[in-house]
Amino acid sequence: MTTLGVIGLGRIGAFHTDTLSGLDSIDGLVVTDERPEVVAAVAAKHGATPVDSVEALLASGVDGVVVSAATPAHAELTLAAVERGLPTFCEKPIASTAAESARVAEVIARSGVPVQVGYQRRFDAAFAAAKRAVDDGSLGALHTVRSTTMDPAPPPMEYIAGSGGIFRDCAVHDFDVIRWITGQQAVEVYATGSVQGDPKFAEFGDVDTAAVVVTFESGTLGVVSAARYNAHGYDCRLEVHGFEDTVVAGWDQGVPVRNIDPANSFPEGPAHHFFMDRFTEAFRAELSAFVDVVKGDALPGCTVADAVEVAWLAEAATESLQRRVPVSIKEVRSR
Ligand SMILES: NC(=O)c1ccc[n+]([C@@H]2O[C@H](COP(=O)([O-])OP(=O)(O)OC[C@H]3O[C@@H](n4cnc5c(N)ncnc54)[C@H](O)[C@@H]3O)[C@@H](O)[C@H]2O)c1
């Protein structure tokens, strides 16, 4: 019998509740959010138990907790669950800043309670196959890894206001993937970006289009491209170039590009609409793996330590964009 609590039932929280309610390994769900009307609606849809506070959820006898509330609440909610000894899945990022992430990670490490962080690309079949190809040596040493994320349209501006910016909110997925794929630590980050859509991005000190070059310890280059406006669909691709071979992930029939090569009909579509349809199976695999963690049958596939390293990358990219200079990870970490 495994019962999970879900805290935060917005876009992704409602989606995770939907996914969890379809898992055979789950026997019950307890849900809460700051918005009572949302709690009632999600509970009714999935036969979950609604509660009116985080305290009530943590005291309800759940075996584990999914934190899918807005980013500024992640650290406090995760620590509250961990304090009670409850295995926790926290959506990315683990905290609003890298320094706070590092502090939260220390408390979690001391507690010994397992915490998994929500970088779901690791659980996508194609991305996982790319990782295996790197690990089995068939690509040879990697010289370049390219990771792209383009949303069809930006989330609401209230979300952008609390998101921490495109690097901490969106490109963190790319940073996680290029770290995970290369198995290397990043040394230096050079980022740039621009506002070409809603001018409100600039009011929040954010950009809607960004590019980042990450230099890893062996010299492998990571090239990240992120954009909030890509009307053709949700574009998420990974290209891994080694001295011996290259593999790509995300170049499936739904990749939202119009190939104008007359001799090639690929891709045949329909284009991926958003991250939810693109990563439905990955989210399922990710949450299934978390249930195994709750049961004590597995270790988290994406750790808090991983999330802290990703947070330093996002911090360095944010600073590089602001200062218009390359920023070393050592430099941001030492502050
Ligand atoms: N892994 C992914 O691909 C992915 C995709 C989308 C969002 N996310 C992450 O998930 C989180 C939520 O994003 P979203 O798009 O669902 O946002 P959202 O704004 O749609 O929903 C956030 C929800 O959290 C609730 N909330 C805020 N503080 C709370 C608290 N202290 N206690 C209980 N409920 C609280 C809000 O009422 C709201 O319903 C963000 O941190 C985001 O980074 C991850």
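Counting starts at 1 for both ligands and their atoms, in listed order.
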Can a donor-acceptor pair be found between the side chains of E188 and S328 at a distance below 3.5 Å? no
Per-residue contact class, Y159 against ligand 1 - non-hydrogen pairs under 4.0 Å: side chain
Whether the H46 and S21 side chains hold a donor-acceptor pair (N or O, under 3.5 Å, no angle test) is what I'd like checked. yes
Going by the order shown, which atoms of ligand 1 are within less than 4.0 Å of some heavy atom of A73? 28 (N), 31 (N)
To the nearest 0.1 Å, how far is atom 26 (N) of ligand 1 from its closest protein heavy atom, and which atom is that? A69 CB, 3.8 Å
Considering heavy atoms of the protein only, find what lies nearest to atom 15 (O) of ligand 1 and give residue, atom and distance to 0.1 Å. R11 NE, 2.7 Å
Can you report which non-hydrogen protein atom sits closest to atom 3 (O) of ligand 1, along with the distance? Q120 NE2, 3.1 Å
Establish, from distance only, whether the side-chain atoms of S147 and D174 form a donor-acceptor pair under 3.5 Å. yes
Shortest protein contact, atom 44 (C) of ligand 1 (heavy atom only): E91 OE1, 3.2 Å
Any N/O of D33 closer than 3.5 Å to an N/O of ligand 1? yes
For atom 9 (C) of ligand 1, find the nearest protein heavy atom and state the residue, atom name and distance (0.1 Å precision). K92 O, 3.6 Å
Which segment of F15 sits under 4.0 Å of ligand 1 when only heavy atoms are counted: neither
Under a plain distance cut-off of 3.5 Å, with no hydrogens placed, do R132 and S138 share a side-chain donor-acceptor pair? no
Electrostatic pair R84:E55 at N-O distance under 4.0 angstrom: no
Quick one: do E331 and R323 make a salt bridge, cutoff under 4.0 Å? yes
Assess whether atom NE2 of H273 is packed by more than 12 heavy atoms of other residues, nucleotides or ligands within 6.0 Å. no
I'd like to check which ligand 1 atoms, numbered from 1 as shown, lie under 4.0 Å from a non-hydrogen atom of D169. 43 (O)
Thinking salt bridges, do D124 and R122 make one under a 4.0 Å N-O criterion? no
At under 4.0 Å between heavy atoms, is it the side chain or the backbone of V38 that contacts ligand 1, or both, or neither? neither
For atom 29 (C) of ligand 1, grab the closest protein heavy atom and report residue, atom and distance to one decimal in Å. E34 CD, 3.5 Å
Under 3.5 Å side-chain donor-acceptor pair for E239 and T246: no
Within-cut-off N or O pair, I12 and ligand 1, under 3.5 Å: yes
Heavy atom under 4.0 Å from ligand 1: found in P155's side chain, backbone, both, or neither? neither
Does either side chain, that of D277 or that of T280, offer a donor lying less than 3.5 Å from an acceptor on the other one? no
Please report which non-hydrogen protein atom sits nearest to atom 6 (C) of ligand 1, along with the residue it belongs to and the distance in Å to one decimal place. F275 CZ, 3.5 Å
Check each atom of ligand 1 against the heavy atoms of H173 and keep those under 4.0 Å away; list them by number with element. 1 (N), 2 (C), 3 (O)
Identify whether the distance between the nearest side-chain nitrogen and carboxylate oxygen of D169 and K92 falls below 4.0 Å. yes
Strictly distance-based, threshold 3.5 Å: is any side-chain N or O of H74 a donor or acceptor partner for the main-chain N or O of C90? no
So which protein heavy atom does atom 21 (O) of ligand 1 come closest to, and at what separation? G10 CA, 3.2 Å
Would you say E158 touches ligand 1, if touching means a heavy atom closer than 4.0 Å? no
Axial cation check for F275 ring with R121, 6.0 Å and 45° limits: no
Close approach, F279 and ligand 1, non-hydrogen under 4.0 angstrom: no
Go through ligand 1 atom by atom and flag the ones less than 4.0 Å from a non-hydrogen atom of G118. 1 (N)
Only heavy atoms of A70, strictly under 4.0 Å: list the atoms of ligand 1 that pass. 22 (C), 24 (O), 27 (C)
Any nitrogen or oxygen of T71, main chain or side chain, under 3.5 Å from a nitrogen or oxygen of ligand 1? yes
